[in-house]
Chemist: 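Before we start, here is the structure in question, set down as structure tokens.
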Amino acid sequence: AQSVSQHNHHVILSEAASLELGCNYSYGGTVNLFWYVQYPGQHLQLLLKYFSGDPLVKGIKGFEAEFIKSKFSFNLRKPSVQWSDTAEYFCAVKGEVGGSQGNLIFGKGTKLSVKP
Amino acid sequence: NAGVTQTPKFQVLKTGQSMTLQCAQDMNHNSMYWYRQDPGMGLRLIYYSASEGTTDKGEVPNGYNVSRLNKREFSLRLESAAPSQTSVYFCASSFRDRGPTEAFFGQGTRLTVV
């Protein structure tokens with residue numbers, strides 16, 4: 001079965017610090033990869049996605065992620081965080097084969113707190 | 001653009017009561033999903049509907065039933081609510097279940113079972 005691991009449960013940064021959130025997935029086939037963000041009290045919004053092509057993808061609000069196939073990783077990065085980036089971040093994978101094909105499998109999430 | 005609309009936004013139930021969570025999307029998507037979100041657990045798939053007329057179990061289906069009423073609407077029913085079903089429920093839709101498509105989420109329903 002597919003699974004997604006997010007290694008950091010809670011990350012606390014000061015404004016202007018750089019961010020990297022880890023995400024690893026267990027699935028050997030073709031994958032579609034996503035990062036979603038959930039601001040306090042709100043629904044999930046798509047930050048960025050990787051389907052194919054350039055493994056470095058850019059999303060909204062200055063976020064980017066790099067797909068490294070050999071490491072089964074899709075880490076999220078931002079060079080300089082802002083207080084408004086305080087939110088919970090979810091990595092998700094959608095595999096192409098298997099019983100759960102087509103369904104988004106989510107990691108447990110990483111809470112980011114940015115201190116002003 | 002309404003996107004994915006869920007009702008109600010908040011609900012308190014007593015143990016044993018039943019209720020239906022409603023979800024509708026106006027994006028002409030084929031696939032719809034119900035997830036529950038619990039602290040430290042991420043989002044877990046309850047049921048999904050790959051296309052109109054089909055439904056399948058996800059990771060945590062016990063205690064729930066679903067109905068894909070038409071292409072737009074996908075409801076989630078709790079027949080006999082239990083405190084373990086206290087959670088935030090999210091409905092989502094995507095153009096199709098397979099291939100490179102993203103899911104769009106509703107605002108969520110915060111359910112408390114006492």
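In what follows, chains carry the letters A, B, and so on, assigned in the order in which the sequence lines appear, proteins first and then strands, with residues in each chain numbered from 1.
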Chemist: Side chain from CB out, backbone as N, CA, C, O: work out which of these in B:Gln6 comes under 4.5 Å of a heavy atom of chain A, or both, or neither.
Modeler: neither

Chemist: In terms of hydrophobic clusters joined by side-chain contacts under 4.5 Å, are B:Val88 and B:Leu111 together?
Modeler: no

Chemist: Examine B:Phe74 and B:Met27 and state if one hydrophobic cluster contains both, with Ile, Leu, Val, Met, Phe, Trp and Tyr joined whenever side-chain heavy atoms are less than 4.5 Å apart.
Modeler: no

Chemist: Which atoms of A:Leu46 come close to chain B, meaning under 4.5 Å heavy atom to heavy atom: side chain ones, backbone ones, both, or neither?
Modeler: side chain

Chemist: Find the distance between CD1 (A:Ile105) and CZ (B:Arg44) and round it off to the nearest 0.5 Å.
Modeler: 12.0 Å

Chemist: Using non-hydrogen atoms and a 4.5 Å limit, figure out which bit of A:Tyr36 sits close to chain B: side chain, backbone, both or neither.
Modeler: side chain

Chemist: Membership question, hydrophobic clusters at under 4.5 Å side-chain separation (ILVMFWY): are A:Phe106 and B:Val60 in the same one?
Modeler: no

Chemist: Could you check whether any side-chain heavy atom of B:Phe90 comes within less than 4.5 Å of a side-chain heavy atom of A:Gln38, counting everything from C-beta outward?
Modeler: yes

Chemist: Would one find more than 12 heavy atoms of other residues, nucleotides or ligands at under 6.0 Å from atom NE2 of A:His10?
Modeler: yes

Chemist: To the closest 0.5 Å, what do you measure between CZ (A:Phe51) and CD (B:Glu102)?
Modeler: 6.0 Å

Chemist: If I take atom NZ from residue A:Lys94 and atom OG from residue B:Ser94, how far apart are they, to the nearest 0.5 angstrom?
Modeler: 5.0 Å

Chemist: Measure across A:Phe90 and B:Gln37 and return the closest heavy-atom pair with its distance rounded to 0.1 Å.
Modeler: CZ-NE2, 3.2 Å

Chemist: When you group the ILVMFWY residues by side-chain heavy-atom contacts below 4.5 Å and let the links chain together, are A:Leu48 and A:Leu21 in the same group?
Modeler: yes

Chemist: State plainly whether one hydrophobic cluster holds both A:Phe63 and A:Tyr50, where clusters connect Ile, Leu, Val, Met, Phe, Trp and Tyr through side-chain heavy atoms under 4.5 angstrom apart.
Modeler: yes

Chemist: Is chain A contacted by the side chain of B:Leu45, its backbone, both, or neither, given a heavy-atom distance below 4.5 Å?
Modeler: side chain

Chemist: Has B:Tyr35 got a side-chain atom pairing as donor or acceptor with A:Leu104's backbone, closer than 3.5 angstrom?
Modeler: yes

Chemist: Quick check on the interface: out of A:Lys111, A:Glu88, A:Lys108, who has the most heavy-atom pairs with chain B under 4.5 Å?
Modeler: A:Lys108

Chemist: Looking only at heavy atoms and a cut-off of under 4.5 Å, which of B:Gly40, B:Pro39, B:Gly108 has the most pairs with chain A?
Modeler: B:Gly40

Chemist: Pick from B:Asp56, B:Val4, B:Thr101: which one has the most heavy-atom pairs with chain A under 4.5 Å?
Modeler: B:Thr101

